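What follows is a set of notes on a single structure, which appears directly below.
Every chain is numbered from 1, with letters handed out A, B, ... down the list of sequences. Source: prediction; values computed, not measured.
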Protein chains: 2
Amino acid sequence: MNEKTDRKQDILQAAIACFNEAGIEATSIDAIRARCGASVGSIYHHFGNKEGIVAHLFINGLDQYWQQLLAALAAAEGAETAVKAMVATYIDWVVHNPELARFIFQARTLVNRGEQGQRLQQNNKANYSQVLAYFRPWLEKGELRQLPLELYAALIVGPAQEYCRAWLSGRAKTPPPQLADDLADAAWRAVGNPR
Amino acid sequence: MNEKTDRKQDILQAAIACFNEAGIEATSIDAIRARCGASVGSIYHHFGNKEGIVAHLFINGLDQYWQQLLAALAAAEGAETAVKAMVATYIDWVVHNPELARFIFQARTLVNRGEQGQRLQQNNKANYSQVLAYFRPWLEKGELRQLPLELYAALIVGPAQEYCRAWLSGRAKTPPPQLADDLADAAWRAVGNPR
DNA sequence: ACTTGCACTAGAATTTTATTCTAGAATATT
DNA sequence: AATATTCTAGAATAAAATTCTAGTGCAAGT
C-alpha cells in the first residue's frame with residue numbers, strides 16, 4: 001500500500017509543478033515523464049490521458065477545500081461567525097495550498113467539460129446543498145438578508161476568490177491574510193441582516 | 001481594405017465558436033480551418049500560432065469591455081452612481097457578449113503567460129489606473145470607505161464576476177440582469193462610506 | 001501597360017505531442 | 001508454487017501543430 005501510491009503521487013506532483021510553470025496546455029506528457037522518472041506507459045496506466053491527470057488533481061484538491069469549509073461551518077455558532085469563517089477558510093486554504101489553488105483556477109473549465117465533469121458537478125451540488133442546510137435556519141430567523149439563493153455564494157466568497165486569483169497571478173502583492181478581516185467584514189455587510 | 005479583414009474576421013469567428021463548443025485545448029487548427037474555409041497557411045500568416053488567435057480575441061475583447069467601463073465611469077456623477085455603474089456595466093457586457101465572456105474566463109491564464117502576456121498586463125495596468133483616477137477624489141472626500149487599494153476591484157465586481165461565471169457555465173439559472181440591482185447594492189455596501 | 005514588391009492563400013512536408021500497443025517485471029491471491 | 005492482476009517500460013502509431021514552398025492577386029512606381 002506504499003509503493004503503489006508512490007509512483008502515482010510522483011506523477012501527480014510532477015504534473016502540478018509542470019502545469020503551474022508552463023500552463024496545462026503547454027505541458028507535454030513527456031515533460032511530466034522527464035520530471036518524475038516514470039514511463040509514458042505508467043502514466044497512461046494510472047490516468048488514461050492528460051485530462052485524467054488534470055481531473056484527478058482538480059477533484060481531489062477541491063474536495064480537500066470543501067472538507068475544510070464544511071468543518072468550519074459545523075464549528076460556527078451563528079450566521080455572522082459562519083459567513084466570516086467561510087471567507088477565512090477560503091483564504092486559509094489558498095495560502096496553504098498556493099500551487100493547488102493556482103492550478104484549480106486554470107483547470108476549472110477544462111474539467112467541467114471533460115469526462116469527469118459530471119462527477120465534479122455532482123460533488124459540487126452535494127457540497128453546496130450541505131452549505132445551504134447550515135444557512136436555512138439563519139435565513140428563517142432573519143439573521144441573513146433575504147436575497148436570491150443563487151447569489152449568496154458569489155456575495156460571500158466572490159471578492160476573496162477574485163483577490164486571491166489576482167494575488168496568485170502576481171497582479172496583487174498584499175498577502176491575502178492581511179486582508180482577511182476586511183474581506184470577512186465585507187462579506188457580512190453583503191449578506192448579514194442589519195435588523 | 002474589405003477582403004483583407006474579412007478572412008481574418010472569419011478565422012476569429014470560427015475560432016471563438018470552436019473554443020466555446022469544445023474548449024481551447026480541444027480545438028485543433030484543422031477544426032477552425034474546416035469551419036471557416038481558410039487554409040492553415042492563411043491562419044498562421046495572420047496569427048502566428050494557436051495562441052496568437054487566443055490572444056487576439058482575448059485582448060480585443062477585454063479592451064471593448066474596458067472602453068464601456070471607462071465610458072460609464074466618465075458619465076457617473078458620484079461615488080455611489082459610479083460603483084453601481086461598474087457592476088451594471090459588467091453585467092451588461094457579459095449578457096451582450098456571452099460567447100466572448102465565456103471565452104475570456106477560459107483564456108485568462110493562457111494569455112497571461114504567453115507572448116502577449118506582457119502587453120495584456122500593460123493594458124490592464126493602464127486601464128486600472130484610469131479607474132483609480134476617478135476614485136481618488138471620492139476617497140478623499142470620504143464618500144468611499146478607506147480600504148487597502150488592492151481590494152476595491154475585488155469588492156466591487158468580484159461577486160458579479162463570480163455569478164456571471166456560474167451563469168455562463170450553466171451552474172446558475174437566473175439571468176444576471178435580474179440580479180443586477182442586488183449586486184450593485186451589495187457593491188455599494190462593500191465600499192461605500194456610511195458616514 | 002509593365003514590373004516589382006508585398007500581403008495573402010493554399011496545401012504539402014515536417015516536427016512535435018498524445019495515445020496505443022506489446023512485452024515483460026512486480027505484486028498479490030489462491 | 002502457480003496463476004492472475006497490476007504496474008512499468010519503451011517502441012510504434014496516430015493526431016496535431018507548425019513550417020515551408022510555391023504560388024495568386026493587388027497596388028505603387030515607372
Open item on the list: Pick the closest DNA chain C nucleotide for B:Glu25 and for B:Ile11 by heavy atoms, then say which residue is nearer the 5' end.
Closed with: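 Comparing both residues, the 5'-ward one is B:Ile11.
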- [ ] Return the 5'-most residue of the pair A:Ile29, B:Gly41 with respect to DNA chain C, ranking by each residue's nearest nucleotide.
- [x] B:Gly41
Report yes if a side-chain nitrogen or oxygen of [X] is closer than 4.0 Å to either non-bridging phosphate oxygen (OP1 or OP2) of [N]; otherwise report no.
X: A:Ser39; N: D:dT8; value: no
X: B:Ser42; N: C:dT9; value: yes
X: A:Arg7; N: C:dT27; value: no
X: A:His45; N: D:dC7; value: yes

Distance in angstrom units between [X] [atom1] and [N] [atom2], rounded:
X: B:Tyr44; N: D:dT21; atom1: OH; atom2: C1'; value: 17 Å
X: A:Ile32; N: C:dT19; atom1: CD1; atom2: C1'; value: 14 Å
X: B:Arg33; N: C:dC8; atom1: CZ; atom2: P; value: 20 Å
X: A:Gln9; N: D:dC7; atom1: CD; atom2: P; value: 13 Å
X: B:Asp6; N: D:dC26; atom1: CG; atom2: C1'; value: 16 Å
X: B:Asp30; N: C:dA10; atom1: CG; atom2: P; value: 13 Å
X: A:Phe47; N: C:dT20; atom1: CZ; atom2: P; value: 16 Å
X: B:Ile53; N: D:dT18; atom1: CD1; atom2: C1'; value: 12 Å

Task: Nucleotide of C:dC8, D:dC7, D:dT19 approaching B:His46 most closely (side-chain heavy atoms) - done: C:dC8
TODO: Find the distance between OG1 (A:Thr109) and CZ (B:Arg165) and round it off to the nearest 0.5 Å.
DONE: 7.0 Å
Task: Ionic contact status for B:Lys84 with B:Asp185, cut-off 4.0 Å - done: yes
Open item on the list: Salt bridge check, B:Arg35 against B:Glu21: does any charged N sit closer than 4.0 Å to a carboxylate O?
Closed with: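 So B:Glu21 pairs with B:Arg35 through a salt bridge.
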TODO: If the plane angle is over 60° it's perpendicular, under 30° parallel, otherwise tilted; pick one for A:Tyr152 and A:Phe135.
DONE: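 Ring orientation, 0 to 90° scale: tilted.
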Task: Plane angle bin for B:Tyr90 and B:Trp93 - parallel if under 30°, tilted between 30 and 60°, otherwise perpendicular - done: tilted
